[in-house]
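One structure is given below, encoded as structure tokens.
Values below: every heavy atom of this structure, side chains too, minus hydrogens, waters and symmetry copies.
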Amino acid sequence: QAQLAESGGGPVQAGGSLTLSCLATGYTWDTNSRAWFRQAPGKQREAVAAIYTGVGKTYYADSVQGRFTISRDNAKNTVSLQMNNLKPEDTAVYYCAAGKSAWKLPPLEMGSYDYWGQGTQVTVSS
């Protein structure tokens with residue numbers, strides 16, 4: 001099965017930028033979608049962005065549209081999340097996910113993904 005490892009989190013001031021990366025290793029050939037989710041303390045995990053790795057089609061949550069950009073490098077089995085104009089409400093643990101059901105299941109729902117990383121903390125201070 002696939003293993004996912006996130007990197008790039010850390011503290012940042014409001015208005016700043018961070019780029020998260022997710023490296024997929026192991027048995028990944030049958031996965032065709034990647035996504036970023038986040039979970040703030042006391043809140044449910046929510047979708048941030050998703051990408052279908054074959055064609056590069058992207059999806060974004062309304063709260064990050066225009067500020068965040070998801071991209072993939074299939075040769076390196078890596079998906080990135082460029083986060084600009086960060087706000088304190090973006091503070092959360094960010095999780096990478098990989099799925100096998102592109103075009104079949106909703107791209108911004110947790111149930112559409114089969115593999116998850118351990119998460120990386122992003123803290124935005126005002």
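Arg38 CZ to Gln44 CD: the interatomic distance, rounded to the nearest 0.5 Å, is 14.0 Å. The CD atom of Gln1 sits 10.5 Å away from atom CG of Asp30, with the distance rounded to the nearest 0.5 Å. Atom OG of Ser33 is separated from atom CG of Leu105 by 8.5 Å, given to the nearest 0.5 angstrom. The distance from the CZ atom of Arg67 to the CG atom of Asn85 is 6.0 Å, given to the nearest 0.5 Å. Put simply, OG on Ser63 and CD on Glu46 are 5.5 Å apart, with the number rounded to the nearest 0.5 Å.
The closest donor-acceptor contact from the side chain of Ser112 to the backbone of Pro107 lies at 3.5 Å or more, if one exists at all. Under the 3.5 Å distance criterion, the side-chain polar atoms of Thr91 are matched with a main-chain donor or acceptor of Val124. No donor-acceptor pair closer than 3.5 Å links the side chain of Asn32 to the backbone N or O of Gly54. Within the 3.5 Å criterion, the main-chain N or O of Lys76 finds a donor-acceptor partner in the side chain of Thr78. In this structure a side-chain-to-backbone donor-acceptor pair under 3.5 Å is present from Thr120 to Gly9.
Two different hydrophobic clusters hold Val48 and Tyr115 under the rule that ILVMFWY side chains link at heavy-atom gaps under 4.5 Å. At a threshold of 4.5 Å between side-chain heavy atoms, the hydrophobic network of Ile, Leu, Val, Met, Phe, Trp and Tyr places Val12 and Val64 in one connected group. Both Tyr94 and Ile51 belong to a single network of hydrophobic side chains, linked directly or stepwise wherever heavy atoms of I, L, V, M, F, W or Y lie under 4.5 Å apart.
Contact record, Ala98 with Arg34: CB-NH1, 3.6 Å, taken as the closest heavy-atom pair. Among all heavy-atom pairs drawn from Leu81 and Ala49, the shortest one is CD1-CB, 4.1 Å. Between Gln39 and Lys43, the shortest heavy-atom contact is NE2-O, 3.1 Å. Counting all heavy atoms, side chain and backbone alike, Ser126 lies closest to Ala14 at CA-CB, 4.2 Å. Scanning both residues, Asp114 and Lys100, for their nearest heavy atoms gives OD2-N, 3.0 Å.
Looking at Met83 and Val122, their side chains come closer than 4.5 Å, going by heavy atoms from C-beta outward. Side-chain contact between Cys96 and Tyr113: absent, with no pair of heavy atoms (C-beta onward) separated by less than 4.5 Å. Side-chain contact check for Ile70 versus Val79: some heavy-atom pair is nearer than 4.5 Å. A heavy-atom distance below 4.5 Å is found between the side chains of Tyr27 and Trp29. Side-chain contact between Phe68 and Leu86 is present, with heavy atoms from C-beta onward closer than 4.5 Å.
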Sequence neighbours excluded and cut-off under 3.5 Å, please list the side-chain donor-acceptor pairs for residues 17-24, or say none.
{"residue": "Ser17", "atom": "OG", "partner": "Asn84", "partner atom": "OD1", "Å": "2.9"}
{"residue": "Thr19", "atom": "OG1", "partner": "Gln82", "partner atom": "OE1", "Å": "2.4"}

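Between Trp116 and Phe37, the distance separating the two ring centers is shorter than 6.0 angstrom.
In this structure Tyr52 satisfies the ring pair (Phe, Tyr, Trp, His ring centres under 6.0 Å) test together with Tyr59, Trp103, sequence neighbours excluded.
The side-chain tip of Arg45 points at the ring of Tyr95 from less than 6.0 angstrom away and within 45° of straight on.
No more than 12 heavy atoms of other residues, nucleotides or ligands lie within 6.0 Å of CD in Gln13, so this atom counts as exposed by the packing criterion.
Asn77 and Thr28 form a side-chain donor-acceptor contact under 3.5 Å, judged by distance and modelled atom types alone.
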